[in-house]
*Asks:* 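Below you will find the structure I want to go over with you.
Remember, predicted model here, so these are calculated numbers, not experimental data. Side chains included, hydrogens not; waters and symmetry mates left out as well; all remaining heavy atoms used.
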Amino acid sequence: MKEISRISTDNGSIYIKRLCKHFSHKVPASFSENEGNVEFPYGDCIMTSDDNQLTFVITADSEENLSNVKSVLISHLEKFSRDEELTVEWHKQD
């Protein structure tokens with residue numbers, strides 16, 4: 001199962017760095033300037049950014065696990081983006 005979210009922001013690379021650094025204390029995570037990868041026990045997230053967009057692509061083996069990945073990502077993104085109101089909408093991918 002796979003879902004994607006494209007979030008409008010000029011700070012995508014900053015959020016990737018913050019999220020991956022934070023998650024790396026508990027799970028495997030890596031990042032570069034505009035890309036990040038986090039391996040949660042219940043699913044994975046690939047993050048990419050460009051000048052005005054942050055993209056999350058998440059995969060998991062069940063709806064419940066997909067929901068867990070989304071929940072963790074969104075709660076942490078909200079903490080790290082306090083000064084910016086972000087809209088996150090998920091879309092199923094084949």
*Asks:* Check whether any side-chain heavy atom of Glu63 sits under 4.5 Å from a side-chain heavy atom of Met1, and report yes or no.
*Replies:*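 Of all side-chain heavy-atom pairs linking Met1 with Glu63, at least one is under 4.5 Å.
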*Asks:* Using every non-hydrogen atom in the two residues, find where Ile7 and Thr87 come nearest and quote the distance to one decimal.
*Replies:* CG2-O, 3.7 Å
*Asks:* Considering non-hydrogen atoms only, spot the tightest contact between Ser13 and Ser49 and give its length.
*Replies:*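 Heavy atoms of Ser13 and Ser49 come nearest at N-OG, 3.4 Å.
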*Asks:* Where the side chain of Ser5 meets the backbone of Glu89, is there a donor-acceptor pair that is under 3.5 Å apart?
*Replies:* yes
*Asks:* What's the shortest heavy-atom distance between Phe56 and Cys45, and which atoms?
*Replies:* CD2-SG, 3.9 Å
*Asks:* For residues Glu3 and Val69, determine if any side-chain heavy atom of one lies less than 4.5 Å from a side-chain heavy atom of the other.
*Replies:* no
*Asks:* Group every Ile, Leu, Val, Met, Phe, Trp and Tyr by side-chain heavy-atom contacts under 4.5 Å, then state whether Ile74 and Phe80 land in the same group.
*Replies:* yes
*Asks:* Would you say NZ of Lys92 has more than 12 non-hydrogen atoms from neighbouring residues, nucleotides or ligands within 6.0 angstrom?
*Replies:* yes
*Asks:* Strictly by modelled atom types, are Asn37 and Ser30 linked by a side-chain donor-acceptor pair under 3.5 Å?
*Replies:* no
*Asks:* Between Ile16 and Thr48, which heavy-atom pair has the shortest distance, and what is it?
*Replies:* CD1-C, 3.7 Å
*Asks:* Between Ser71 (side chain) and Ser67 (backbone), is there a donor-acceptor pair under 3.5 Å?
*Replies:* no
*Asks:* More than 12 heavy atoms of other residues, nucleotides or ligands under 6.0 Å from NZ of Lys17: is that the case?
*Replies:*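 Counting other residues, nucleotides and ligands, NZ of Lys17 stays at 12 neighbours or fewer.
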*Asks:* Between Asp50 and Gln53 (side chain of the first, backbone of the second, donor and acceptor by atom type, cut-off under 3.5 Å), is there such a pair?
*Replies:* yes
*Asks:* Does Val57 belong to the same Ile/Leu/Val/Met/Phe/Trp/Tyr cluster as Leu86, with side-chain heavy atoms less than 4.5 Å apart forming each link?
*Replies:*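 Hydrophobic grouping puts Val57 apart from Leu86.
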*Asks:* Do the side chains of Leu66 and Val27 join up, straight or via other hydrophobic residues, at under 4.5 Å, putting them in one cluster?
*Replies:* yes
*Asks:* Answer yes or no: does atom CD1 of Ile46 have more than 12 heavy-atom neighbours from other residues, nucleotides or ligands under 6.0 Å?
*Replies:* no
*Asks:* For Thr9 and Glu84, which I'm curious about, is there any donor-acceptor pair between the side chains at under 3.5 Å?
*Replies:* yes
*Asks:* Looking at residues at least two apart in the chain, or sitting in another chain, which of them share a ring-ring contact (aromatic ring centres under 6.0 Å, His included) with Phe23?
*Replies:* Phe40, His76
